[in-house]
Amino acid sequence: MIKKITFAAVGLALATTAVFAESPHDGAIAARKAHMQLYGHNLGILGGMAKGAIEYDADAASAAATNLATLTKMSQGSYWPQGSEAGAVEGSRALGALWQNFPDVGAKSGEMAAAAAAMETAAGGGLDALRGAIGGVGGACGACHKAYRQPK
Amino acid sequence: MRRLLTALVILGAVGAAIFWVVTKPKITDITALAGIVPDLEQGGAVFIAGGCASCHAAPDAKDEARLELTGGRGFPSDFGTFFAPNISPHPSAGIGDWSALDLVNAMRHGTSPKGEHYFPAFPYTTYQNTTLADIVSLHAYLQTLPATDVASKPHDVGFPFNIRRSLGGWKLLFLRPGWVIQEAATPELERGRYLVEALGHCGECHTPRNLLGAVQSSRWMAGAPNPSGKGTIPNITPAKLDWSEQDLLYYFSSGFTPDFDTAGGHMTDVIENLSQMSEADLKAITAYIKALPAAE
């Protein structure tokens with residue numbers, strides 16, 4: 001009898017976990033996190049040079065900046081389905097406000113694209129040019145994170 | 001019986017008188033400002049380092065608009081919601097009619113020109129350590145900013161916390177002059193301490209508070225729940241923060257964390273200020289943070 005109850009409890013626990021783990025939005029959430037990670041990786045190269053942690057290399061900087069600019073041109077529409085905000089699903093820090101302010105989200109991603117394009121032009125032109133452009137990129141990332149990402 | 005009653009009444013009256021005296025808002029004597037000449041450039045630097053615009057600019061104001069100190073941003077707390085007032089130089093809606101001494105009393109004692117206590121949502125518990133020269137310069141700088149006539153929003157604070165006089169008791173308990181970190185071995189650490197503990201008021205968010213809303217200096221910078229209710233403000237003592245000096249400096253000037261994520265929440269406003277500060281000042285803040293006692 002006790003065994004049965006234990007089995008049932010374990011089964012129930014597993015089922016509950018499964019309900020949390022499998023949301024229809026898991027794929028989209030993984031995709032947008034991967035997109036952010038690609039931003040982060042390429043920014044890591046540019047920022048590492050700006051910061052003085054890695055030596056400036058015009059080709060590597062240009063390549064990273066081109067990747068960054070390309071990423072801003074990709075459509076992210078399918079990454080952000082309705083109902084995938086923090087609180088509604090596991091593992092999301094996107095605030096519900098994002099879905100209520102599409103014009104502003106669009107404007108902010110436009111600013112990100114402009115900052116990345118400026119970086120693409122600047123990155124190969126020397127360390128000072130790269131440093132001059134990175135503030136704009138940081139500002140654009142931060143503007144969206146400030147408005148639409150739940151603090152940790 | 002009658003005698004006992006009389007004694008009680010007298011005792012009560014004495015108690016009330018003592019309460020009235022000890023909770024009286026304090027002010028600085030005008031003679032303390034004699035000979036201090038305001039310096040606009042210094043005032044502008046204090047404005048940035050003190051983060052005035054982060055609270056007093058209209059919510060979501062950007063760039064130039066951050067110099068319009070319209071107020072209106074709400075600060076939720078366990079005691080109600082406080083709203084930052086208009087501190088633009090408008091003579092009636094703002095603080096255009098304030099003297100430098102009025103600003104000194106506000107920042108160092110939490111006392112308004114009318115002689116009332118301010119709520120400590122205005123961080124005078126840390127601004128009290130600001131030098132008189134910095135405040136006089138800040139006063140002159142604030143007068144140069146655009147005036148806006150937007151009326152300040154009243155705080156949404158319920159009984160009994162809305163009794164201003166009782167804040168005198170709160171101040172008696174928690175408004176302690178002096179530094180949290182007693183030792184500052186080098187001029188750089190001293191400058192860092194001034195920037196963090198007096199002007200930057202970093203501890204207001206990064207340090208947990210007690211039941212009466214006072215910062216717990218024994219857990220200095222050990223992190224705290226986010227007052228907005230979502231998430232936590234991180235521990236920035238060496239117990240938890242393992243960023244290098246270079247990482248911190250770069251974060252302050254660019255907003256990028258070591259793994260190239262960006263600052264979030266209110267910290268984005270803080271970065272906006274930090275990124276305008278001199279490299280020497282950022283280095284001083286970094287040195288101070290790296291030297292903090294570890295608090296789990």
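Proteins come first, then strands; the chains are lettered A, B, ... in the order of their sequence lines, and each starts at number 1.
Contacts of residues 93-122 of chain A with chain B at a heavy-atom distance below 4.5 Å involve A:Leu95, A:Glu111, listed in sequence order. Heavy-atom proximity under 4.5 angstrom to chain A picks out B:Gln246, B:Asp247, B:Tyr250 from residues 236-253 of chain B. The interface of residues 135-148 of chain A with chain B, defined by heavy-atom distances below 4.5 Å, comprises A:Val137, A:Gly138, A:Cys141, A:Gly142, A:His145, A:Lys146. Residues of residues 268-285 of chain B lying within less than 4.5 angstrom of chain A, judged on heavy atoms, are B:Thr268, B:Asp269 in numerical order.
Summarising the local packing, NE2 of A:His41 is surrounded by 12 or fewer heavy atoms from other residues, nucleotides or ligands at distances under 6.0 Å. Summarising the local packing, CG of B:Asn210 is surrounded by more than 12 heavy atoms from other residues, nucleotides or ligands at distances under 6.0 Å.
Using a 4.5 Å cut-off between heavy atoms, A:Ala86 makes no contact with chain B at all.
Between chain B and the residues A:Ile134, A:Leu43, A:Leu46, the largest count of heavy-atom pairs under 4.5 Å involves A:Leu43.
With values rounded to the nearest 0.5 angstrom, A:Gln37 atom CD is found 11.0 Å from B:Asp261 atom CG.
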